[in-house]
Structures are given as C-alpha cells and as structure tokens.
Amino acid sequence: MPKVVDPGERREAVVEALFRVVERDGLEQASLRNVAAEAGLAIGSVRHYFDTHAELMVFAMKAMSERVGHRLERHADRLVNAEDRLEVAFDMLAEVLPLDDARRREVVVWLAFVHAARTRPELRSHADGVYDDLLTLATRIFEGGRRSGRLAPDVDIALEARRLCALLDGLAMEAALHPDRMDPATTVAVLRRHLTSLLVHSGP
C-alpha cells in the first residue's frame with residue numbers, strides 16, 4: 001500500500017525546512033527547490049502543497065506568528081489567578097525576544113520576513129497585522145496596569161504602547177544580530193527596567 005501522507009505534517013515539515021534555510025543562508029536562498037532539498041523532498045511534492053514561492057512564504061509567516069500566539073495565550077490564561085500581573089506581562093513580552101536558541105531562530109527568520117515585506121505586498125499585510133497584534137497586547141498590558149493601580153497616573157498609554165513595541169523591536173534585532181553585546185541577561189534587564197520605570201513606586 002502507498003504511504004499515507006498527512007497534509008498538515010507535510011506542510012509543517014516544509015515550513016521547518018524553510019526556516020532552516022532562511023536562518024542558515026538567508027531568505028534569498030529559500031527557493032522552492034532549495035527548501036524541497038532541505039526537507040528531503042522532490043520539488044513536485046512541495047508544489048503539491050504550495051503552488052508558488054509567495055504562497056509558501058505567506059503560510060510560513062502565519063505559522064510562525066501562530067506559534068508565538070499560542071505561547072502568549074498560555075501566559076494570558078495565567079492572568080486569571082496571578083498575584084503579580086507584572087511578572088505575567090513580562091513573561092508574555094519576553095516571548096518575542098531571542099532569549100534562547102528557539103526564540104533567537106524565530107527572530108532571525110522573522111526579521112528576514114519583515115525586510116522582504118517592505119517590497120512584497122503579499123507579505124506586507126501579514127507583517128503589519130503582527131505589529132498591530134503586538135501593539136494591542138502592549139496596550140492591554142498598560143490598561144490592566146492602570147486598572148490595578150500599578151501604572152503611574154501620568155502615563156500616556158497610547159504613546160507608551162508604541163514606545164514598548166519600538167523597544168521590543170530594537171532589543172530583538174540587537175540581540176539577534178549582536179548576541180555578544182545584547183545577551184539574554186542584558187535583554188531581560190533592559191525590558192524589566194523599562195516596565196518598572198512606569199509603575200507607581202511606594203518608596204521615597
């Protein structure tokens with residue numbers, strides 16, 4: 001009997017191969033042929049699931065953002081009974097930073113996607129959507145801080161949400177491109193210092 005191939009597993013294997021090629025060789029080398037070779041498949045097998053390179057790219061971008069989204073959702077569930085919501089918020093934001101090998105790989109690949117999206121309309125809408133989702137998350141974190149009385153009263157939530165997104169982008173890029181200068185401990189310290197600077201402080 002011919003081997004039954006699970007379409008979902010095959011697409012996931014192709015996407016993982018794409019991620020490896022992009023991380024190792026850059027996005028310009030992630031042709032359908034090279035991705036197929038990386039996955040150990042004939043190019044016809046890849047084309048069975050992705051008609052074009054653009055279709056593969058869009059699918060890969062969605063797969064990566066969904067992967068991060070699932071991790072964020074698990075942290076969000078912790079907010080229900082969390083005594084220290086700041087720590088949960090910190091853990092959520094840390095999911096988009098390259099603090100370990102897996103997240104560093106995600107950031108390196110995502111940076112390649114975002115750079116390509118600047119000139120490729122089929123990728124731009126999804127890249128913009130991911131930024132909008134991060135901005136929404138930052139806004140909700142600050143709104144929760146205001147409701148709990150932890151956020152300093154003079155904080156402009158809309159402005160600070162955008163500043164936080166810019167900080168996260170900068171930390172992610174610096175840590176991914178220059179891990180010797182922006183190591184995980186320093187990355188964590190910068191993010192924590194920024195968040196705590198916006199809180200109400202009870203001491204003198």
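Model, not experiment: these values are computed from the prediction.
Cys165 has its side chain out of reach of Leu137: every pair of non-hydrogen atoms, C-beta onward, lies at least 4.5 Å apart. Taking 4.5 Å as the limit, some side-chain heavy atom of Leu191 sits within range of a side-chain heavy atom of Leu168. Side-chain contact check for Leu86 versus Thr196: some heavy-atom pair is nearer than 4.5 Å. Side-chain contact check for Val114 versus Val130: every heavy-atom pair is 4.5 Å or farther apart. Within the 4.5 Å cutoff, the side chain of Leu72 has no heavy atoms near those of the Asp133 side chain. Between Leu56 and Tyr49 there is no side-chain heavy-atom pair separated by less than 4.5 Å. In this structure the side chain of Leu167 reaches within 4.5 angstrom of the side chain of Val190, judged on heavy atoms. For the pair Arg10 and Ser45, the minimum side-chain heavy-atom distance is below 4.5 Å.
Val15 approaches Ala63 most closely through the heavy-atom pair CG1-CB, 4.3 Å. Residues Glu122 and Ala54 come closest through the heavy atom pair OE2-CB, 3.8 Å. Closest approach of Ala112 and Leu27 over heavy atoms only: O-CD2, 3.6 Å. Leu18 approaches Ala30 most closely through the heavy-atom pair CD1-CB, 3.4 Å. Pairing each heavy atom of Leu151 with each of Phe142, the nearest pair is CD2-O, 3.4 Å. Residues Ala117 and Ala127 come closest through the heavy atom pair CB-CB, 3.9 Å.
Using a 4.0 Å cut-off between charged side-chain N and carboxylate O, Glu160 and Arg163 make a salt bridge. We find that Arg104 and Asp101 are not joined by a salt bridge, their nearest charged nitrogen and carboxylate oxygen being 4.0 Å or further apart.
Each of Met173 and Met61 belongs to its own hydrophobic cluster when Ile, Leu, Val, Met, Phe, Trp and Tyr are linked at side-chain heavy-atom distances under 4.5 angstrom. The same ILVMFWY cluster, assembled from side-chain heavy atoms under 4.5 Å apart, contains both Met92 and Leu199. No single ILVMFWY cluster, assembled from side-chain heavy atoms under 4.5 Å apart, contains both Val96 and Leu111. One hydrophobic cluster holds both Val155 and Leu195 under the rule that ILVMFWY side chains link at heavy-atom gaps under 4.5 Å.
With values rounded to the nearest 0.5 angstrom, Leu159 atom CG is found 11.5 Å from Leu164 atom CG. Here the straight-line distance linking atom CG of Asp25 with atom CD of Glu38 works out to 8.0 Å at 0.5 Å rounding. Atom CZ of Arg33 is separated from atom CD1 of Ile43 by 4.0 Å, given to the nearest 0.5 angstrom. Here Leu135 contributes atom CG and Asp128 contributes atom CG; the two are 12.0 Å apart, rounded to the nearest 0.5 Å. Taken from CZ in Phe113 to CZ in Arg120, the straight-line distance is 9.5 Å, to the nearest 0.5 Å. For the atom pair Met57 CE and Phe50 CZ, the distance stands at 12.0 Å (nearest 0.5 Å).
Side-chain N or O atoms of Arg47 include none that pairs as donor or acceptor with a backbone N or O of Leu32 at under 3.5 Å.
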| request: Output, in order, the C-alpha distance, side-chain angles, deciding distance and verdict of side chain to side chain contact (heavy atoms under 4.5 Å, CB included) for Leu171 and Met182. | output: CA-CA 8 Å; Leu171 287 174; Met182 185 62 70; 4.0 Å; yes

Would Val58 and His126 satisfy side chain to side chain contact (heavy atoms under 4.5 Å, CB included), going step by step from the backbone distance to the final call?
CA-CA 8 Å; Val58 170; His126 189 66; 5.7 Å; no

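Within a 6.0 Å sphere centred on CZ of Arg20, heavy atoms belonging to other residues, nucleotides or ligands number more than 12. Residue Arg146 qualifies as enclosed at atom CZ: its count of foreign heavy atoms under 6.0 Å is above 12.
A search for salt bridge (Lys or Arg N to Asp or Glu O under 4.0 Å) contacts involving Arg105 returns Glu16, Glu23, not counting sequence neighbours. Applying the side chain to side chain donor-acceptor pair (under 3.5 Å) rule to Glu95 yields the partners Arg71, His75; only residues at least two apart in sequence or on another chain are considered.
Remark: the Thr186 side chain and the Asp183 side chain contain an N/O donor-acceptor pair separated by less than 3.5 Å.
Screening Val109, Val108, Val35 for a side chain to side chain contact (heavy atoms under 4.5 Å, CB included) involving Phe19 leaves a single residue, Val109.
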